[in-house]
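What you see is a predicted model, and the numbers here were worked out from it, not measured in a lab. Heavy-atom basis, side chains included; hydrogens, waters and symmetry copies ignored. Counting begins at 1 with the first residue of the sequence.
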Amino acid sequence: MRKSVTILLFLLPALVLFGVFRFLPIVGAVGLSLTEFHLGGDWQFVGMANYGDLAQDRIFLTSLRTTLGYVVICVPLTVAVALGTALLLNRVRWARGVFRTALLTPYVTSLVLAGVVWQWLYEPLGVLGNPSLVLPALAVVSAWKGFGYSMLVLFAGIRNVPPDCVDAAKADGASSWQRFRLVLLPFLRPALFFVVVVETIGAFQVFDTVYVMTGGGPARSSYTLAYAVYDYGFKHLDLGHAAAAGIVLWAVVMLVSLTQRGALDRSR
């Protein structure tokens with residue numbers, strides 16, 4: 001009993017911070033989504049009316065489709081780049097720390113700064129003004145900016161693969177592709193699952209890149225869910241709809257994450 005109390009006391013600061021900065025905002029957002037709230041302080045309880053309005057709002061439905069399209073492009077691209085660089089980094093024998101630091105540099109770079117620089121790079125090509133190319137262009141920026149963290153996670157997973165398994169596969173005459181598919185990939189599955197979930201959550205929440213580079217255009221072809229929340233809340237000052245859109249975004253992310261988890265469990 002005394003040991004349990006001691007453990008609880010050590011955990012209490014973290015639990016308090018989690019409750020204040022994580023749990024309470026979620027509860028507040030749910031409550032706000034059920035009201036018609038104005039910045040002046042006037043509010044009215046409207047129940048599920050905000051969600052009903054969103055279901056009939058073409059702009060919101062467009063943002064949902066755009067976000068799903070962006071996720072489908074961005075997540076595989078980012079994971080592929082992260083896995084490829086992790087495999088290459090594992091083969092480096094000289095100055096590995098230097099290469100690791102260089103590859104991680106984009107991750108610690110300001111996203112706004114990265115967006116401005118890539119906007120300059122894209123300007124001669126005109127891709128940000130093309131509705132068919134704007135999402136892939138933004139996905140490339142996000143992949144370049146965010147692959148470093150996932151690369152480190154996958155690199156750690158590769159380093160934990162038992163060398164005996166790899167050596168045995170080599171002795172049996174397995175090719176590089178066979179060693180990757182039959183030996184390395186099974187050991188990397190937990191790390192890959194973690195990376196895919198993290199990148200999926202990040203892709204659903206994309207805002208900074210869109211805000212800096214396209215403003216949701218052209219013709220709302222890069223108008224994402226997170227940008228819709230910003231539009232409702234800060235441009236139209238419709239905090240009830242903004243909160244409802246945020247809850248929908250949270251629900252979609254949770255649903256996708258649970259689906260990914262189920263897929264991983266079934267593949268074991």
Side-chain angles (χ1 to χ4, degrees), residues 14 18 22-23 26 64-92 96 99-100 103-108 111 135-136 138-169 174-209 224-226 246-268:
F18 179 84
R22 293 288 184 179
F23 183 73
I26 293 175
L64 181 58
R65 288 193 297 269
T66 301
T67 303
L68 291 174
Y70 175 82
V71 170
V72 169
I73 299 171
C74 183
V75 174
L77 177 62
T78 306
V79 174
V81 172
L83 181 58
T85 51
L87 291 170
L88 290 174
L89 188 61
N90 187 55
R91 298 176 69 90
V92 172
R96 179 180 287 163
F99 287 103
R100 184 167 51 195
L103 291 170
L104 192 63
T105 300
Y107 180 74
V108 298
L111 204 152
L135 285 184
L138 293 175
V140 168
V141 177
S142 295
W144 174 85
K145 174 70 175 65
F147 83 93
Y149 176 78
S150 296
M151 176 199 70
L152 288 183
V153 174
L154 294 173
F155 177 71
I158 293 172
R159 299 299 293 174
N160 285 330
V161 175
D164 294 344
C165 295
V166 179
D167 294 338
S175 64
S176 298
W177 169 247
Q178 288 173 326
R179 293 198 301 271
F180 170 75
R181 184 171 61 88
L182 300 175
V183 179
L184 194 61
L185 203 54
F187 284 101
L188 275 180
R189 186 171 294 167
L192 273 173
F193 168 73
F194 174 80
V195 164
V196 169
V197 170
V198 169
E199 295 296 344
T200 301
I201 293 173
F204 269 108
Q205 296 177 335
V206 63
F207 172 76
D208 305 55
T209 309
T224 61
L225 268 174
I247 296 300
V248 171
L249 174 58
W250 173 81
V252 170
V253 171
M254 286 294 295
L255 179 61
V256 172
S257 299
L258 291 174
T259 303
Q260 291 172 331
R261 179 66 187 181
L264 176 68
D265 291 339
R266 287 192 298 271
S267 65
R268 287 179 176 174

Undergrad: Can you give each donor-acceptor pair under 3.5 Å made by side-chain atoms of residues 70-79, sequence neighbours left out, with the distance rounded to 0.1 Å?
TA:
from, atom 1, to, atom 2, distance (Å)
Tyr70, OH, Ser142, OG, 2.4
Thr78, OG1, Cys74, O, 2.8

Undergrad: Under the side-chain hydrogen bond (donor to acceptor under 3.5 Å, both in side chains) rule, collect the residues that match up with Thr200, sequence neighbours excluded.
TA: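 With sequence neighbours excluded, Thr200 shows a side-chain hydrogen bond (donor to acceptor under 3.5 Å, both in side chains) to Gln260, given in chain and number order.
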Undergrad: Could you give the distance from CG (Leu182) to CH2 (Trp177), rounded to the nearest 0.5 Å?
TA: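 Going from CG on Leu182 over to CH2 on Trp177, the span is 9.0 Å.
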Undergrad: If I compare all heavy atoms of Phe204 with all of Leu249, which pair ends up nearest, and what's the gap?
TA: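 Heavy atoms of Phe204 and Leu249 come nearest at O-CD1, 3.6 Å.
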Undergrad: Taking all non-hydrogen atoms of both residues, which atom of Leu135 and which atom of Gly69 are closest, and how far apart?
TA: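 Nearest pair, atom of Leu135 first, then Gly69: CD1-C, 4.4 Å.
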Undergrad: Rounded to the nearest 0.5 Å, what's the gap from CD1 on Ile26 to CD1 on Ile247? Could you check?
TA: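 These two atoms lie 7.5 Å from each other.
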Undergrad: Could you grab the distance from atom CG of Leu184 to atom CZ of Arg179, nearest 0.5 Å is fine?
TA: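 Between atom CG of Leu184 and atom CZ of Arg179 there are 10.0 Å.
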Undergrad: Quick one, Leu83 with Leu188, criterion side chain to side chain contact (heavy atoms under 4.5 Å, CB included). Give me CA distance, side-chain angles, the key distance, then yes/no.
TA: CA-CA 10 Å; Leu83 181 58; Leu188 275 180; 4.0 Å; yes
Undergrad: Contact between Val252 and Thr67 at the side-chain level, heavy atoms closer than 4.5 Å - yes or no?
TA: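 Counting from C-beta outward, Val252 and Thr67 never come under 4.5 Å.
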Undergrad: Should Leu88 and Phe99 count as side-chain neighbours, where that means a heavy-atom distance under 4.5 Å?
TA: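 The answer is no; the side chains never approach within 4.5 Å.
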Undergrad: Can you check whether Thr224 reaches Phe207 side chain to side chain, under 4.5 Å on heavy atoms?
TA: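 Sidechains of Phe207 and Thr224: no contact.
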Undergrad: Heavy-atom count around Trp144 CH2 within 6.0 Å, excluding the residue itself: above 12?
TA: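 Yes, enclosed.
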Undergrad: So how far is it from Lys145 NZ to Thr105 OG1, rounded to the nearest 0.5 Å?
TA: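 Here the rounded value is 11.0 Å.
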Undergrad: List the atom pairs, with distances to 0.1 Å, where a side-chain N or O of residues 149-160 and a protein N or O form a donor-acceptor pair under 3.5 Å, not counting sequence neighbours.
TA:
from, atom 1, to, atom 2, distance (Å)
Ser150, OG, Glu199, OE2, 2.5
Arg159, NH1, Asn90, OD1, 3.0
Asn160, ND2, Ala156, O, 3.2

